[in-house]
Amino acid sequence: MVTLTTSTKHPSALLVSQIQNGDYQAEADLVKKFSRSVSIVLRQQARTPQDAEDLFQETFRIALEKIRKGELREPEKLGGFLVGTAKFT
């Protein structure tokens with residue numbers, strides 16, 4: 001079995017690990033890194049810009065809750081997880 005160290009983890013897996021360890025800056029980094037792709041998905045679904053903003057907030061709230069609880073099974077697929085969460089929010 002191979003154990004990944006911090007220096008060899010996929011960047012998304014490292015970000016997930018930092019969030020799970022209570023790093024609030026990592027949470028801000030998550031939003032900054034993925035806000036554009038999540039916003040694009042939500043603008044396509046929402047009826048109004050305000051609805052899109054509300055869904056944006058809810059998407060990241062749900063995602064952070066799941067990451068903190070360790071419910072993200074494949075941390076290296078964080079981007080897909082966030083887009084999927086946005087689509088089903």
Side-chain angles (χ1 to χ4, degrees):
M1 179 176 187
V2 175
T3 302
L4 296 177
T5 63
T6 301
S7 62
T8 60
K9 279 187 179 180
H10 186 279
S12 291
L14 179 58
L15 192 58
V16 167
S17 178
Q18 291 169 330
I19 291 168
Q20 290 173 335
N21 288 323
D23 184 341
Y24 294 118
Q25 182 58 51
E27 292 180 7
D29 293 344
L30 171 84
V31 174
K32 184 177 180 180
K33 181 175 182 176
F34 293 101
S35 64
R36 184 168 185 258
S37 57
V38 168
S39 291
I40 290 168
V41 169
L42 294 173
R43 282 192 302 249
Q44 292 172 348
Q45 305 180 164
R47 293 181 185 171
T48 67
Q50 184 58 49
D51 287 346
E53 180 58 32
D54 290 345
L55 290 169
F56 179 89
Q57 297 296 326
E58 185 67 4
T59 296
F60 281 100
R61 185 198 64 78
I62 291 168
L64 284 167
E65 183 178 292
K66 289 182 180 235
I67 291 167
R68 289 180 195 129
K69 290 180 179 180
E71 295 178 7
L72 177 57
R73 286 178 257 147
E74 297 179 82
E76 64 280 355
K77 295 182 179 179
L78 179 59
F81 166 73
L82 287 166
V83 169
T85 301
K87 286 181 179 180
F88 297 105
T89 298

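Given the structure is predicted, the values throughout are model-derived calculations rather than measurements.
Annotation: salt bridge (charged side-chain N to carboxylate O under 4.0 Å, His left out) contacts involving residues 55-65, sequence neighbours excluded, comprise E58-R61, R61-E65, E65-K69. Sorted pairs that involve residues 44-53 and meet salt bridge (charged side-chain N to carboxylate O under 4.0 Å, His left out), not counting sequence neighbours, are lacking altogether. Pairs engaging residues 15-29 under the salt bridge (charged side-chain N to carboxylate O under 4.0 Å, His left out) rule: E27-R68 [sequence neighbours left out].
By the side chain to side chain donor-acceptor pair (under 3.5 Å) test, D54 is found to be paired with Q50, residues two or more places apart in sequence or in another chain being considered. Residues satisfying the side chain to side chain contact (heavy atoms under 4.5 Å, CB included) test with K33, not counting sequence neighbours, are P11, S12. Annotation: side chain to side chain contact (heavy atoms under 4.5 Å, CB included) contacts of K32 (sequence neighbours excluded): none. Under the side chain to side chain donor-acceptor pair (under 3.5 Å) criterion, E76 pairs with no residue, sequence neighbours left out. Residues satisfying the side chain to side chain donor-acceptor pair (under 3.5 Å) criterion with T85, sequence neighbours excluded, are absent altogether. Residues forming a side chain to side chain donor-acceptor pair (under 3.5 Å) with Q20 (at least two apart in sequence, or on another chain): none.
Think of I67 as one node in a network of Ile, Leu, Val, Met, Phe, Trp and Tyr side chains linked at under 4.5 Å; its network also takes in L15, V16, I19, L30, V31, F34, V38, L42, L55, F56, F60, L64, L72, L78, F81, L82. In this structure, V41 belongs to a hydrophobic cluster whose other members, linked by side-chain heavy atoms under 4.5 Å apart, are V83.
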